[in-house]
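Within every chain, numbering begins at 1; the chains are lettered A, B, ... in the order of the sequence lines, protein sequences first and strands thereafter. Predicted, not measured: the structure shown is a model, and the values here were computed from it.
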Amino acid sequence: MIKFLAFVRKEFIHIFRDPRTLVILFLMPIMLTMLFGFAITNDIKNARIAVFDSAKDSLSQGIIERLRVSEYFEVYEAANSIGEADDMLRRGEVKAVVVFPELLASRAAHDGSAQIKVLANASDPNETVNISGYIEAIAAQECAEKFGTMSDAPSITPIPNLLYNPQLKSAYNFVPGVMGLILFIICTLMTSVGIVREKEFGSMEVLLVSPVKPIYIIISKTVPYFVLSILIICVILVLAHFVLDVPIRGNLALLFGVSALYSLLALTLGVLVSTVSNTQHTAMFISAGFLMLPIVLLSGMVFPIENMPRILQVISDFVPAKWYISAIRDVMLKGGGFDLVKKDVLIMAVMTAACILASLLNFKKRMD
Amino acid sequence: MSDAIITADGISKSYKNGRGNSRTTALDGISFEVSEGEIFGLIGPDGAGKTTAMRIITSLMLPDAGRAAVCGLDSVKDYAQIRNIVGYMPGRFSLYQDLSVEENLQFFATIFGVKVKDNYGLIKEIYDTLAPFKDRRAGKLSGGMKQKLALCCALVHKPRVLILDEPTTGVDPVSRQEFWDSLGRLKTQGITVLASTPYMDEASRCDRISFLVKGKIPATDAPRNIVKGFSKKIVHARANRMFELLKVLREYPEAESAYAFGDNNHVTLKNGGIEELKQFLASNGYPDAELEYAEASLEDCFMNLPK
């Protein structure tokens, strides 16, 4: 045990004395999270919108006038047909089109409520939600002025109609993706390179000619990265929640449990990579090229898997991050319990066991 | 047989060449024995198979044929026990560059299950010269100091056998001297040393040596005996144009070998003496060549090993 601790201590020294490692460990998660996070802006200011007014009554004109003077919007043009409005949206000239149905004012007066449509480009769903919110507020002001503020005053509800991305892939989804990517980089890439470095520098030769069992050498390599990855999950979650306002709805313990399992899987994958490579370059190449790229492309982090060709969908089943990201989305964003992620957890556990087995079969207690 | 600490018995080893089926033979049935408390040298040029031999003895590699034993423990079967009694220092500097001198020593002490102070007497003399730099990172040490530190780390658990693979390659001449002085002192503490080196001056500091050439051992004996057993005449030749002279010397039919060493060309004669050689050189444009008999050195023995 003392020997084991000596190893772990040595690994921590390696990590903390190498500035490059530190940058990867601590700066990169923060940078990636912020980068993906701030790709969505929450502030609406002078958003260009178009209006298509079929009602042409006092209520619709009043709302349009309010939109025009509001600092949030810039009414770009009045569309003459729904087709024209759609074109403007498609060309990216406007972010949303507000459609007023015929007889808006009389409907509002008779039924006590009316609906206006907000057509928006859902590739940025967050913004769309915000725009709808602002329009609702402005419409409410106009109603209040026309009909008074009594409780039975008619209300106008904007119905967002999202185009081009009906699955509503929210940018929130990037946070689980970033977690999957970062944990993988730390656990698989750093561990495999760390183990192979010992081979390359020849220190493995000395360690093998010591009474320490090789398996302990390997486990001691993984412990520091495991500890650090848990730490980094905390950092990302804090950033995501308090800086980016990403909701954390599920059970925190479950979230960490799933993350720990994924880290373990990534670590064993790193050990496996180290058993098949003899130089740091090979290890880096396998980890980064062979394993990391699929995470970005095939895990559902960036591109929805459902839209992929069948063959890529099958391949994606073997990408560990796919299951992790799906589990984290379920827990973090949907607030699901263990039942919802049972399948993901099981698959990751099986993958971990397979990696451990393959590593054991591959590990050499000698040099040739 | 029984008092041998290290036994190599007909060890062969070959490596695969790339993807092809051809194999390069690294060791071709070598045998030698190292007795308790001696400094044994494995002497040979680069690529002779020294490192392979050491890795097989330390149980890091499996021999294709033959067997190696340390203290009677088989290097294949009893590898775990061998790893407890051997101190091994590989050819490359293989300590942790980003750990300090002291941290390296502590680390290796711990993994061998001892405390630095347990066997401090053994390394004291060597470590004392490193002590002023104990907080320096190992990667920032000079070549000689790195080797001293590596030696300390290999000795910290008081091994019975110390196995050193080219310990002085890349080290300055003074540090090399000091290094071999240290080995001499270790010997008096009862540690058996097996070291490999390509340098002949270091070979002469061993109690016994084996020449290792192209995976074979053509001679094993005390350096003194090897020199004594050399029966041919050695002539040192000097002239103005040494390189051209060497070419002419190689043409001399009675020369067994001729090679440049230091200020001299060394010629080994098969037959005849200095007079015949003088005549040959005079008729080939070197009437003024200075010739003299000399005692054979280890180099001479090495260069004239039976082919």
Side-chain angles (χ1 to χ4, degrees), chain A residues 1-25 190 193-221 223-225 275-276 278-280 282 363-368, chain B residues 13-16 26 51-52 54-64 70 75-76 79-100 102-115 137-139 150 153-154 156-157 159 161-163 165:
Chain A
M1 195 60 200
I2 294 171
K3 291 177 190 178
F4 184 69
L5 288 177
F7 265 108
V8 173
R9 185 171 166 267
K10 175 190 76 96
E11 290 312 319
F12 272 116
I13 293 179
H14 285 322
I15 292 169
F16 285 111
R17 289 205 181 147
D18 183 15
R20 275 185 307 176
T21 310
L22 280 180
V23 167
I24 293 183
L25 281 179
M190 308 280 264
V193 169
I195 296 175
V196 174
R197 186 175 52 198
E198 300 244 358
K199 282 198 210 173
E200 211 175 325
F201 283 172
S203 41
M204 197 56 121
E205 218 173 313
V206 180
L207 295 182
L208 285 177
V209 189
S210 76
V212 179
K213 288 213 174 67
I215 189 80
Y216 288 122
I217 303 177
I218 301 299
I219 296 177
S220 70
K221 279 261 167 209
V223 168
Y225 291 109
T275 62
V276 297
N278 279 317
T279 63
Q280 294 183 65
T282 322
F363 187 79
K364 300 174 188 76
K365 54 183 185 285
R366 292 197 165 83
M367 292 190 65
D368 50 354
Chain B
K13 176 82 189 174
S14 61
Y15 296 107
K16 228 179 169 166
T51 300
T52 306
M54 300 214 149
R55 285 181 175 167
I56 288 173
I57 292 167
T58 52
S59 79
L60 280 171
M61 277 186 178
L62 297 173
D64 296 340
V70 180
S75 73
V76 179
Y79 72 91
Q81 284 155 278
I82 287 187
R83 291 175 182 189
N84 271 313
I85 57 169
V86 165
Y88 173 54
M89 192 174 140
R92 293 178 294 174
F93 179 67
S94 48
L95 303 177
Y96 297 102
Q97 314 251 0
D98 47 357
L99 261 61
S100 73
E102 201 176 17
E103 285 165 343
N104 264 300
L105 192 64
Q106 290 283 5
F107 173 71
F108 282 99
T110 312
I111 65 168
F112 277 99
V114 296
K115 295 218 161 51
R137 308 258 169 100
C153 292
V156 73
H157 61 297
V161 183
L162 188 60
I163 296 181
D165 189 8

Counting heavy-atom pairs under 4.5 angstrom with chain A, the leader among B:Pro90, B:Gly91, B:Pro159, B:Ala154 is B:Pro90
Side chain / backbone / both / neither for A:Phe7 at chain B, heavy atoms under 4.5 Å | both
Chain A: which of B:Ile82, B:Asn84, B:Val86 shares the most heavy-atom pairs with it under 4.5 Å?
-> B:Asn84
dist A:Leu208:CG -> B:Arg55:CZ (nearest 0.5 Å) comes out at 10.5 Å
Check whether more than 12 heavy atoms from other residues, nucleotides or ligands sit under 6.0 Å from atom OH of A:Tyr216, and answer yes or no.
-> no
Please report the closest heavy-atom contact between A:Lys3 and B:Thr110, naming both atoms and the distance.
-> CG-O, 3.2 Å
Measuring from A:Arg197:CZ to B:Gln97:CD, what's the distance to the nearest 0.5 Å?
-> 10.0 Å
With a 4.5 Å limit on heavy-atom distance, are the side chains of A:Leu207 and B:Phe108 in contact?
-> yes
Test item: A:Arg9 side-chain N/O and B:Phe107 main-chain N/O as donor-acceptor pair under 3.5 Å | no
Please round to the nearest 0.5 Å and tell me the distance separating atom CD of A:Glu205 and atom CE of B:Met89.
-> 12.0 Å
With a 4.5 Å cut-off on heavy-atom pairs, point out which of B:Leu99, B:Ile163, B:Thr58, B:Leu95 contacts chain A the most.
-> B:Leu99
Side-chain heavy atoms of A:Ile13 within contact of B:Tyr96, under 4.5 Å = no
Could you tell me whether a side-chain N or O of B:Arg92 sits under 3.5 Å from a main-chain N or O of A:Phe201, the two making a donor and an acceptor?
-> no
Under 4.5 Å from any heavy atom of chain A - which part of B:Gln81 = neither
All heavy atoms of A:Ser203 vs all of B:Ser94, minimum pair found to be CB-O, 3.1 Å
